[in-house]
Structures are given as C-alpha cells and as structure tokens.
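So the structure is just underneath, and the comments pick up after that.
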Amino acid sequence: MKKSELIMLLSRKNENYSLEDVEKSVAVMIAAMTESLMAGGRAEFRGLGSFFCRQRHAQVMRNPRTGEKVNVTARAYPSFRTSPALLKKLNK
C-alpha cells in the first residue's frame, strides 16, 4: 500500500474529515515517527510492529568493479520488527 492509497482509504472510511485533513494527519504521523527515530527512539504500533534504528559499523569494503578498497563510514539505518499478533495472522 502506498501513502496515497492509505490517505484515500482513511478518507473513504471517515467521511466527516476532508481529504486535506487526512493528508495532514498522515504527514504529521510520518514526521513524528521520523523525529522519534532520529532521536534514537522507537515508533511502536500495537498489532503491527515497531520501527527502530540500528547501527552499521565503519568498515573497509572492496569496490567489485575496480577491486580497490573503500572506507565506508558508520551509519544508522531503519529496521522493522513485526508484532507476534501480525505474524500469527500472516501464517494462518
């Protein structure tokens, strides 16, 4: 599901809210999740799962095309862990 599809679905299910209000609400939710992850926190949704950041350590890798060594800096990347309830539903 794309963000635009989510907005349309929420708009159809909640006719008392305008499409613009739903778009703003989704944008605020995504911004709040992003800020939480950037601060080193988590974004947890009961029944769905949680988003959190992991760290990759700095390392020396090899460029497969040229074979030369390349230093790769440490970096954070987002990760998602599925809730047990969703896993149970998916594997029925």
Side-chain angles (χ1 to χ4, degrees):
M1 174 180 283
K2 297 178 189 174
K3 179 178 161 184
S4 59
E5 293 170 341
L6 175 63
I7 291 170
M8 292 305 293
L9 177 69
L10 291 172
S11 179
R12 272 188 258 123
K13 289 194 178 233
N14 299 290
E15 295 176 0
N16 51 338
Y17 295 110
S18 68
L19 184 62
E20 293 79 24
D21 289 340
V22 174
E23 284 180 19
K24 287 178 187 176
S25 298
V26 171
V28 166
M29 184 183 79
I30 291 172
M33 288 173 53
T34 302
E35 288 175 19
S36 176
L37 292 174
M38 287 174 61
R42 299 167 48 106
E44 185 173 323
F45 299 93
R46 299 287 174 169
L48 178 67
S50 58
F51 293 90
F52 54 96
C53 281
R54 293 185 181 219
Q55 295 290 322
R56 286 199 179 121
H57 301 289
Q59 57 186 328
V60 177
M61 299 189 82
R62 186 183 64 82
N63 182 334
R65 195 174 281 179
T66 64
E68 90 180 67
K69 292 183 179 181
V70 179
N71 290 326
V72 178
T73 59
R75 63 179 69 188
Y77 65 98
S79 191
F80 178 76
R81 181 173 293 134
T82 309
S83 75
L86 179 59
L87 278 174
K88 194 176 205 179
K89 286 180 185 178
L90 291 174
N91 290 309
K92 274 194 169 185

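Side-chain atoms are counted along with the backbone in the values below, which use heavy atoms only and exclude waters and symmetry mates. Keep in mind that what you see is a predicted model, and the values were worked out from it rather than measured.
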Polar side-chain atom of N63 near backbone of R65 as donor-acceptor pair, under 3.5 Å: yes

Heavy atoms of other groups near E5 CD, more than 12 under 6.0 Å: yes

Non-neighbouring partners of Y77 that pass ring pair (Phe, Tyr, Trp, His ring centres under 6.0 Å), sequence neighbours left out: none

Cluster link L86 to F45, ILVMFWY, side chain under 4.5 Å: yes

Whether over 12 other heavy atoms sit under 6.0 Å from Y17 OH: no

Parallel, tilted or perpendicular: rings of F51 and F80 (30°, 60°): tilted

hydrophobic_cluster_shared for M29 and I7, side chain cutoff 4.5 Å: no

V26 reachable from L19 in the ILVMFWY side-chain graph, under 4.5 Å edges: yes

Nearest-0.5 Å distance that lies between atom CE in M8 and atom NZ in K2: 13.5 Å

Joint hydrophobic cluster, L10 plus I30, side-chain heavy atoms closer than 4.5 Å: yes

Test item: S36 side-chain N/O and A32 main-chain N/O as donor-acceptor pair under 3.5 Å: no

M1, CE: over 12 other non-hydrogen atoms inside 6.0 angstrom: yes

Between CD on residue E68 and CZ on residue R62, distance to nearest 0.5 Å: 11.0 Å

Transitive ILVMFWY side-chain link M33 to V28, under 4.5 Å: no

Gap separating the CE atom of M61 from the CD atom of Q59, nearest 0.5 angstrom: 5.0 Å

Point-to-point distance, once rounded to the nearest 0.5 Å, from CG of D21 to CG of N14: 11.0 Å

Nearest heavy atoms of G47 and A85, plus distance in Å: CA-CB, 4.5 Å

S4 side, atom OG; E23 side, atom CD - distance, nearest 0.5 Å: 9.5 Å

